[in-house]
Protein chains: 2
Amino acid sequence: MGTNQLYKGSLSTIILKLLGEKGRMYGYQITQEVKAISSGEYVITEGALYPMLHKLEAQGLLTVEIEMTGNRMRKYYSITNNGKKEVVDRMTEMESFIRNMQSLLNPKIDLA
Amino acid sequence: MGTNQLYKGSLSTIILKLLGEKGRMYGYQITQEVKAISSGEYVITEGALYPMLHKLEAQGLLTVEIEMTGNRMRKYYSITNNGKKEVVDRMTEMESFIRNMQSLLNPKIDLA
DNA sequence: AAAAATACATAAATAACTTATGTATTTGAT
DNA sequence: ATCAAATACATAAGTTATTTATGTATTTTT
């Protein structure tokens with residue numbers, strides 16, 4: 001996520017939305033997907049990712065299944081019904097945020 | 001800023017951009033302006049605002065002039081030349097952030 | 001054979017905020 | 001006239017999302 005402070009607060013929304021769209025994903029896969037979609041601009045650190053996945057699971061928004069690929073562990077996360085409801089709210093919030101930023105940063109009308 | 005975590009990290013950008021557009025403003029005025037433009041959705045708390053203004057001043061991005069309106073103090077902030085340069089970078093970051101969020105949250109193409 | 005990538009994890013430190021508290025003046029409502 | 005709300009500044013303590021650092025182990029690439 002580099003030096004760009006703006007991504008702060010968006011991680012859980014991204015994870016939930018991605019799992020809502022793609023179905024099952026494992027942690028490392030999420031980081032790669034987000035990096036690819038954002039052209040390398042959004043690099044999720046492991047220290048942020050894993051605690052967040054555990055938190056969302058604890059909140060009942062995700063469930064996890066452990067699978068072994070050879071000797072390597074993968075923890076596949078899926079979104080729950082509560083998670084799907086949460087995604088709807090998060091999308092509304094994100095749209096509202098983006099709209100507000102556009103008003104604040106591209107002021108066409110002077111409201112003062 | 002309510003419970004919406006997304007606004008985290010955007011405060012300094014908002015302040016710098018607003019001062020770049022409007023010229024001089026004082027702290028309280030900034031909170032009212034932002035609240036008005038965002039239809040009450042972005043409420044800047046005083047505990048966030050004043051430390052941030054002091055920080056931006058310490059970084060040489062803002063300058064301050066104290067004025068008295070009757071017996072009441074106002075601290076008018078203006079953007080410096082360095083501040084104007086910073087705004088350009090912040091706008092690029094914000095555009096990039098919004099573009100990335102739109103790709104991540106409205107995935108038209110599957111890049112996996 | 002060694003380095004890089006894959007795949008998980010946690011702990012300490014940092015930074016941006018919220019909440020709480022403080023002071024004081026001015027405006028608006030009853 | 002009085003009291004509440006709004007105006008206007010400030011700082012300190014607590015919270016939380018993150019970064020940075022560290023750890024373990026397997027698999028792939030050079």
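In what follows, chains are A, B, ... by sequence order, proteins preceding strands, each numbered from 1. All values reported here derive from a predicted model rather than from experimental measurement.
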**CA sep, side-chain torsions, deciding dist, call: B:Lys17, B:Glu21, salt bridge (charged side-chain N to carboxylate O under 4.0 Å, His left out)** = CA-CA 6 Å; B:Lys17 176 66 174 177; B:Glu21 296 286 332; 3.0 Å; yes
**Prompt:** CD of A:Gln32 versus C1' of D:dT28: gap in Å, rounded?
**Reply:** 14 Å
**Asked** Who are the side-chain contact (heavy atoms from CB on, under 4.5 Å) partners of A:Asp89, not counting sequence neighbours?
**Response** none
Without placing hydrogens or testing angles, list every side-chain donor-acceptor pair under 3.5 Å for residues 49-65 of chain B, not counting sequence neighbours.
residue, atom, partner, partner atom, Å
B:His54, ND1, B:Tyr50, O, 3.3
B:Glu65, OE1, B:Arg24, NH1, 3.0

**Asked** Given A:Lys22 and A:Glu33, is the salt bridge (charged side-chain N to carboxylate O under 4.0 Å, His left out) satisfied, shown in steps?
**Response** CA-CA 11 Å; A:Lys22 303 261 181 185; A:Glu33 184 82 2; 2.8 Å; yes
**Message:** Whole angstroms only, please: what is the CD1-C1' distance between B:Ile14 and C:dC17?
**Reply:** 15 Å
**Request:** List the protein contact pattern of nucleotides 9-20 of chain D with one symbol per nucleotide (5' to 3'): B for base contact, S for sugar-phosphate-only contact, - for none; contact means a heavy-atom distance under 4.0 Å.
**Result:** BBB-----SSBB
**Message:** Any heavy-atom pair between the side chains of A:Val43 and A:Thr31 that's under 4.5 Å?
**Reply:** no
